[in-house]
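Inspection log for the structure reproduced underneath, given as structure tokens.
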Amino acid sequence: MFGLNKEINKTRAWKHLEKYASKIRKVEMRDMFEKDPKRAEKYSINLENMLVDFSKNRIDEKAFIYLQALAKQAKVQKKIEQMFSGEKINITENRAVLHIALRNLDNTPIYVDGKDVMPEINRVLAKIKDFSEDVRLGKFKGYTGKKLTNIVNIGIGGSDLGPKMAVEALQRYMPKDMKCYFISNIDGTACAEVLNKLDPETTLFIVCSKTFTTIETLTNAKTCRKWLVDALGEHATSKHFVAVSTNPKEVASFGIDVENMFEFWDFVGGRYSMWSAIGLIIAIAVGYDNFEKMLAGANEMDKHFHSAPLDKNIPVVLALLSIWYNNFFGIRNHVVVPYDQYLTYLPAYLQQQIMESNGKNVDLNNEFIKYQTSPVIFGGAGTDVQHSFFQMIHQGTSFVPCDFIIPAISHNEIGEHHEILLANILAQSEALMKGKTVKEAAEELKAAGKSSEEIKKLKKYKSFKGNRPSNTIIFKKIDPHALGMLVAMYEHKTFVEGIIWNINSFDQMGVELGKQMALRILPELQGNKDIANHDSSTKALIEIIKRLRK
Ligand code: G6Q
């Protein structure tokens with residue numbers, strides 16, 4: 001059995017944490033820092049060119065030990081082992097979970113049903129290498145002999161968010177004459193606005209769909225195919241369309257030659273698939289060498305995750321801290337703020353990775369869960385977000401744990417820009433931790449020459465409760481290797497949270513429900529099919545839309 005034999009919230013470790021949280025709630029982080037000059041050193045983990053400082057969290061030695069006890073109670077290390085050894089830990093779909101195999105550059109065998117998966121993975125990697133190099137060098141040309149310089153990824157969810165985030169993050173590694181586009185939304189605008197910018201002769205479409213049955217992707221691919229065929233004729237498609245999928249039958253019936261198909265496997269979940277052929281656009285955009293460096297970065301994090309003890313294990317520690325606030329302080333949110341313009345799409349990517357994985361309410365023992373699982377994830381690039389939702393982060397009625405991600409060196413060291421950016425992030429995390437008491441606010445106002453009446457009126461508004469936790473994750477530079485480490489870090493953090501919540505982080509019944517529901521309403525919107533089965537609101541909405549569209 002993969003599930004825990006006791007509900008996690010009934011265990012001794014959980015009870016200890018509950019009790020201890022009520023004690024530590026009264027403790028101020030600023031006092032903990034004052035008392036212990038070694039706090040930053042104690043609560044930081046170094047890995048390569050990466051440092052995770054988690055000292056600005058509401059923990060002390062005891063809390064940290066209790067959190068590790070919770071991880072032990074949930075058998076975190078055993079379950080990590082099960083994932084790495086190819087066990088079918090995705091129990092609702094009866095699948096292994098092996099995104100780690102996609103970046104297993106040491107090539108150690110990993111078995112599923114007695115078969116080593118590495119030879120197949122290596123075969124597809126070699127195909128990605130050849131094809132991406134041929135496109136970049138102009139050896140694989142368009143139908144009319146022109147170089148393919150516009151690369152369009154058609155996919156949605158896991159077949160879009162990862163590659164889109166990575167291509168944006170690594171755009172500095174792209175050749176100047178290449179442009180990448182992403183079409184995901186079924187809204188015709190998404191397709192139209194991209195196609196308007198393109199020349200069919202220089203455009204390569206990559207249709208990414210694990211199942212090759214997703215209505216958004218197939219509809220977008222059909223529209224793009226028609227656009228190409230109208231311009232260049234049916235024979236041109238084999239030079240302008242490739243597919244990435246686990247489903248050769250559907251690829252062929254869509255009209256893409258399976259020779260032009262890049263395979264992946266059901267042991268790779270959609271949201272964990274950017275390391276597979278779903279990352280083809282990344283390899284084309286930044287070059288296979290850089291794609292491989294990204295895999296190497298992820299592999300580095302995998303090895304660390306697999307072998308580091310709980311208290312020195314970055315994904316484990318981040319997961320425990322997230323659980324600390326989520327389950328013992330009643331906090332419902334978590335914010336991710338990369339201070340790097342290139343990581344603009346990271347929060348959107350993580351929203352899927354974390355919430356689709358852990359937004360679950362049935363445990364591995366097939367029981368409804370009585371405790372909180374995934375927090376709501378949101379975020380955006382700093383410093384932009386400092387001028388929007390940071391008001392709530394600083395002065396909202398409850399706190400929001402933050403992850404701050406910073407490169408010490410920018411790809412664009414222009415004047416003072418990066419130093420100002422760095423100063424901002426450091427100031428934020430310090431201010432969140434320390435806060436400003438009403439007395440301090442009053443003193444500041446006095447020093448600024450305000451009258452005592454003004455001071456009385458403003459001092460509370462200008463005060464900050466502080467004691468607001470954050471993790472600071474520093475890289476030397478966001479290069480392909482660092483990006484691989486960062487993304488794998490979050491993948492594993494999510495997995496550990498799922499282990500402790502005793503859930504399957506690798507299925508997505510909620511997303512599948514959405515896919516079925518739209519298919520039921522579509523014929524009702526299009527024709528005269530009886531709509532009596534719906535509730536009165538849905539029925540009225542269908543009728544109004546039909547009337548408005550006449
Ligand atoms: C990811 C989810 C989901 C999926 C999309 C697209 O883990 O399963 O986001 O990636 O629904 O599915 P296809 O790749 O099958 O088109």
Side-chain angles (χ1 to χ4, degrees), residues 83 89-100 102 124 152-166 182-187 190-191 205-225 241-254 256 261-282 345 347-360 374 377 487-488 490-495 497-498 503-519:
M83 175 167 86
I89 62 172
N90 175 356
I91 57 161
T92 52
E93 296 176 318
N94 194 30
R95 290 174 181 170
V97 176
L98 282 178
H99 40 282
I100 54 110
L102 303 169
V124 177
V152 184
N153 193 86
I154 307 175
I156 196 163
S159 300
D160 166 70
L161 289 160
K164 184 172 164 185
M165 178 273 295
F182 291 82
I183 302 178
S184 56
N185 202 335
I186 188 63
D187 185 338
C191 230
F205 293 98
I206 308 175
V207 187
C208 284
S209 176
K210 183 172 169 180
T211 55
F212 233 78
T213 56
T214 306
I215 193 165
E216 290 95 330
T217 301
L218 293 190
T219 309
N220 281 326
K222 222 155 83 191
T223 302
C224 293
R225 197 176 190 282
F241 270 85
V242 297
V244 180
S245 185
T246 58
N247 192 345
K249 213 170 123 222
E250 289 296 332
V251 169
S253 81
F254 175 82
I256 295 179
M261 170 180 155
F262 295 77
E263 250 183 313
F264 67 117
W265 311 271
D266 71 4
F267 55 74
V268 180
R271 56 196 171 276
Y272 298 91
S273 65
M274 60 180 255
W275 325 97
S276 71
I278 292 288
L280 181 61
I281 190 167
I282 310 172
Y345 294 141
Y349 164 80
L350 290 176
Q351 280 184 333
Q352 181 196 28
Q353 196 218 84
I354 300 172
M355 293 198 279
E356 194 175 337
S357 298
N358 287 341
K360 310 280 165 70
S374 181
I377 306 294
V487 175
Y490 277 110
E491 287 179 343
H492 297 321
K493 175 199 168 189
T494 301
F495 176 43
E497 286 178 313
I503 54 181
N504 177 9
S505 300
F506 303 106
D507 64 6
Q508 54 283 315
M509 307 300 179
V511 169
E512 273 145 39
L513 173 74
K515 293 187 183 184
Q516 293 151 15
M517 285 186 325
L519 291 179

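All ligand and atom numbering here is 1-based and tracks the order in the structure.
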Check your understanding: Tell me: protein heavy atom nearest atom 15 (O) of ligand 1, and distance?
Key -> Thr211 OG1, 2.6 Å
Practice item. Output the distance between atom CD1 (Ile206) and atom CZ (Phe262), rounded to the nearest 0.5 Å. Key: 8.0 Å
Exercise for review: Look at atom 4 (C) of ligand 1 and say which protein heavy atom is nearest, naming residue and atom and giving the distance to 0.1 Å.
Suggested key: Gly158 N, 3.8 Å
Exercise for review: Determine, stepwise, if the pair Asn90 / Asn504 fulfils side-chain contact (heavy atoms from CB on, under 4.5 Å).
Suggested key: CA-CA 6 Å; Asn90 175 356; Asn504 177 9; 2.8 Å; yes
Review point. Which atoms of ligand 1 have any heavy atom of Ser209 under 4.0 Å away?
Key: 13 (P), 14 (O), 15 (O), 16 (O)
**Study point:** Spatial distance of atom CD1 (Ile183) from atom OG1 (Thr219) [nearest 0.5 Å]
**Key:** 12.0 Å
Practice item. Tell me yes or no: between the side chains of Gln516 and Glu512, is some donor less than 3.5 Å from an acceptor? Key: no
Check your understanding: With atoms numbered from 1 as shown, which atoms in ligand 1 lie under 4.0 angstrom from a non-hydrogen atom of Thr214?
Key -> 12 (O), 13 (P), 15 (O), 16 (O)
Check your understanding: Please, which pairs that meet salt bridge (charged side-chain N to carboxylate O under 4.0 Å, His left out) have at least one residue in residues 207-219, sequence neighbours excluded?
Key -> none
Exercise for review: Could you say whether the N/O atoms of Val511 and ligand 1 ever approach to under 3.5 Å?
Suggested key: no
Check your understanding: Atoms of ligand 1 less than 4.0 Å from Gly270 heavy atoms?
Key -> 1 (C), 7 (O), 10 (O)
Exercise for review: Go through ligand 1 atom by atom and flag the ones less than 4.0 Å from a non-hydrogen atom of Ile156.
Suggested key: 5 (C), 6 (C), 10 (O)
Check your understanding: Does Gln352 come within less than 4.0 angstrom of ligand 1, counting non-hydrogen atoms of the residue?
Key -> yes
Exercise for review: Applying side-chain contact (heavy atoms from CB on, under 4.5 Å), run through Leu102 and Trp265 and close with a yes or a no.
Suggested key: CA-CA 10 Å; Leu102 303 169; Trp265 311 271; 3.9 Å; yes
Review point. How far apart are the closest heavy atoms of Gly158 and Ile278, and which atoms are they?
Key: O-CG2, 3.9 Å
Review point. Is there side-chain contact between Tyr272 and Ser357, with at least one heavy-atom pair below 4.5 Å?
Key: yes
Check your understanding: Quick one: nearest non-hydrogen protein atom to atom 2 (C) of ligand 1, plus distance?
Key -> Glu356 OE2, 2.7 Å
Review point. Is the Phe254 ring parallel, tilted or perpendicular to the Phe241 ring (thresholds 30°, 60°)?
Key: tilted
Practice item. Ignoring angles and geometry beyond distance, decide whether Lys210 reaches within less than 3.5 Å of ligand 1 through its nitrogen or oxygen atoms. Key: yes
**Study point:** Any Glu216 heavy atom less than 4.0 Å from ligand 1
**Key:** no
**Study point:** Which residue and heavy atom of the protein sit nearest atom 7 (O) of ligand 1, plus the separation
**Key:** Arg271 NH1, 2.7 Å
Review point. Looking at atom 11 (O) of ligand 1, what's its closest protein heavy atom, distance included?
Key: Lys515 NZ, 3.0 Å
